[in-house]
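Just below is one structure, and these are the notes that go with it.
Keep in mind that this is a model prediction, so the values were computed, not measured. Protein chains get the first letters and strands the later ones, always in sequence-line order, with residue 1 at the start of each.
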Protein chains: 2
Amino acid sequence: MARQSYHHGDLRKAFLDAAVEVIGESGTGAMSLRELARRAGVSHAASQHHFGDKAGLLTAVACQGYELLAEALRQAGDELLDVGVAYVDFAVTHRAHFEVMFQPGLYHADAPEVRAARERAGLALAGGLARMPARRGPASPHAPVAAWSIVHGFATLWLAGALPEGLGDDPGAAARPVIELLFDHGDRNGSGGGG
Amino acid sequence: MARQSYHHGDLRKAFLDAAVEVIGESGTGAMSLRELARRAGVSHAASQHHFGDKAGLLTAVACQGYELLAEALRQAGDELLDVGVAYVDFAVTHRAHFEVMFQPGLYHADAPEVRAARERAGLALAGGLARMPARRGPASPHAPVAAWSIVHGFATLWLAGALPEGLGDDPGAAARPVIELLFDHGDRNGSGGGG
DNA sequence: CCCCCATCTTTCCCGTGGAAAGTTACTACA
DNA sequence: TGTAGTAACTTTCCACGGGAAAGATGGGGG
């Protein structure tokens, strides 16, 4: 039942979904509460009750983003490589969430809900990284940061349209050999063009 | 004597500097043309003549950013590692420029001046990368993207405050061992055996 | 000397975020 | 069943921001 009366039913979700949609299309800068309200068919001030202010809405977006990321990483399996690819895939398929998550200035980054969700995502990421060193000698303490950096950098550059042409349409597939380079370096002669 | 009359003298520079300052302090979202005008002591519409609109101003910021980045990379020397560290240093010491540069939605990313400046920065970066493969066997075609990704990712995560504590105060120094991991991987027994 | 034009100002309009107070309708409780 | 309480939403108001349009200013070239 949509709603024909005063109460919307699930305005919170409606706002959240609309925000993700608008941000995904036009970026965070183009998102206005009034536009979201228009899409939901409610007054522009309706969001105040659910989110407080605009930063509150974006806090919810970031929160949801961390949950979704944790989920995606967990489902990626045990291979570090797959976890890395999943990270890139997440960034591209959820660019709105991703964009918000890593712009702490946009939302209440210190809110307890966000901290908790971020913690869970961090554990999921670390879970993938934990399997990494076993494959290839003793681990460097810098390996986790290196792995996170390379996948995050790839994703960010891809989203910004900064990477050179010719990498294809599938960011995950394009990222795989790049990530491989971080860990299979001594194995070069053996690792061919694993397609 | 700065100016006491109608003409400011170098309003363009004044706006540009003020923009960089404000963005560096509070992010792109907090920057308003009116605030910059206030700081420069001119009317809020004065910027129109010099930049057209807000995106025009940010275009100039991005442009200047690419120039500065190219300069910084060129001065970093011939070692790939140093170039990578310089990239991270640039991002942190010029966070306003960096933030704008990689948010193409904020400015006219296709403007010829920007394309040219970006091209120059790309060449400076590639120049550093060109020296890399010689140190360690045949180069992977993915190496440049991997190198760019890891330094860009590290810088972005650092700026977002997402990296774990304990990396110290100097992002360049913190980045060095991380970048090293990308290329000195097979050399592990020889390189310092931390951990 | 005077006109031209680059530079800056004034004024106006619309969109946005948020505060405050009012309205509606669901729910608990007797 | 009826009513009080409260959650959910609306209305109204304000200050701010970007941008368009037209006016003011003053330096420089003819």
Side-chain angles (χ1 to χ4, degrees), chain A residues 1-23 25-62 96 100 103 105-109 111, chain B residues 1-23 25-62 96 100 103 105-109 111:
Chain A
M1 253 350 203
R3 55 88 69 145
Q4 55 273 32
S5 58
Y6 217 81
H7 288 66
H8 180 281
D10 206 348
L11 228 201
R12 188 187 159 88
K13 181 177 182 328
F15 261 92
L16 217 44
D17 291 352
V20 168
E21 188 179 338
V22 171
I23 296 173
E25 290 166 357
S26 320
T28 56
M31 189 216 72
S32 78
L33 295 180
R34 287 175 123 99
E35 169 64 20
L36 304 187
R38 254 172 254 133
R39 295 195 179 204
V42 297
S43 83
H44 85 275
S47 67
Q48 275 185 297
H49 177 75
H50 295 279
F51 301 103
D53 58 358
K54 192 175 186 178
L57 205 186
L58 292 176
T59 301
V61 171
V100 173
Q103 278 189 294
L106 291 180
Y107 62 103
H108 306 309
Chain B
M1 262 325 159
R3 53 82 74 138
Q4 56 272 40
S5 61
Y6 218 80
H7 288 67
H8 179 280
D10 206 349
L11 228 201
R12 188 187 159 87
K13 182 177 182 325
F15 261 91
L16 217 43
D17 292 350
V20 169
E21 189 179 338
V22 172
I23 296 172
E25 290 167 357
S26 321
T28 56
M31 189 215 70
S32 78
L33 296 180
R34 287 174 124 99
E35 169 63 20
L36 304 187
R38 254 172 254 134
R39 295 195 180 204
V42 297
S43 84
H44 84 275
S47 66
Q48 274 185 296
H49 178 75
H50 295 279
F51 301 102
D53 57 359
K54 193 175 186 178
L57 204 185
L58 292 175
T59 301
V61 171
V100 173
Q103 278 188 295
L106 290 180
Y107 62 102
H108 306 308

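Contact of the B:His44 side chain with the B:Leu33 side chain is not registered, since no non-hydrogen atoms from C-beta on lie closer than 4.5 Å. The closest side-chain heavy-atom distance from B:Leu11 to B:His49 is not below 4.5 Å. With a 4.5 Å cut-off on side-chain heavy atoms, B:Leu106 and B:Val61 do not count as touching. Contact check for A:Leu57 versus A:Leu16: side-chain heavy atoms found under the 4.5 Å cut-off. Between A:Lys54 and A:Gln48, the closest side-chain pair of non-hydrogen atoms is not below 4.5 Å.
Atom CG of A:Asp10 and atom C1' of D:dA7 are 14 Å apart (whole Å). Per the geometry, CG belonging to B:Leu11 stands 4 Å off P belonging to C:dC8, to the nearest Å. One can place CG of B:Leu58 at 12 Å from C1' of D:dG18, the figure rounded to the nearest angstrom. What separates CG of B:Leu33 from C1' of D:dG19 is a distance of 9 Å, to the nearest Å. Between A:Arg34 atom CZ and D:dT10 atom P there is a gap of 13 Å when expressed in whole angstrom units. Spacing between atom NE2 of B:His44 and atom C1' of D:dG19 amounts to 7 Å, rounded to whole angstrom units. The nearest whole Å value for the distance from the CG atom in B:Leu36 to the P atom in D:dC16 is 16 Å. For the pair B:Met31 CE and D:dG18 C1', the interatomic distance rounds to 10 Å; values are reported in whole Å.
Closest to the side chain of A:Ser43, from the set D:dT10, C:dT16, D:dT12, is D:dT10. Comparing C:dT16, D:dA20, C:dG18 against the side chain of B:Ala45 picks out D:dA20 as the nearest.
Take A:Ala111 and apply the side-chain contact (heavy atoms from CB on, under 4.5 Å) test, not counting sequence neighbours, and it matches A:Thr59, A:His108, A:Glu113, A:Val114. Residues satisfying the side-chain contact (heavy atoms from CB on, under 4.5 Å) criterion with A:Ser32, sequence neighbours excluded, are A:Arg34, A:Glu35.
DNA chain D lies under 4.0 Å from at least one heavy atom of each of the following residues of residues 46-56 of chain A: A:Ala46, A:His49, A:His50.
Across the interface with DNA chain D, nearest-nucleotide mapping of B:Ser32 and A:Arg12 shows A:Arg12 to be the residue nearer the 5′ end.
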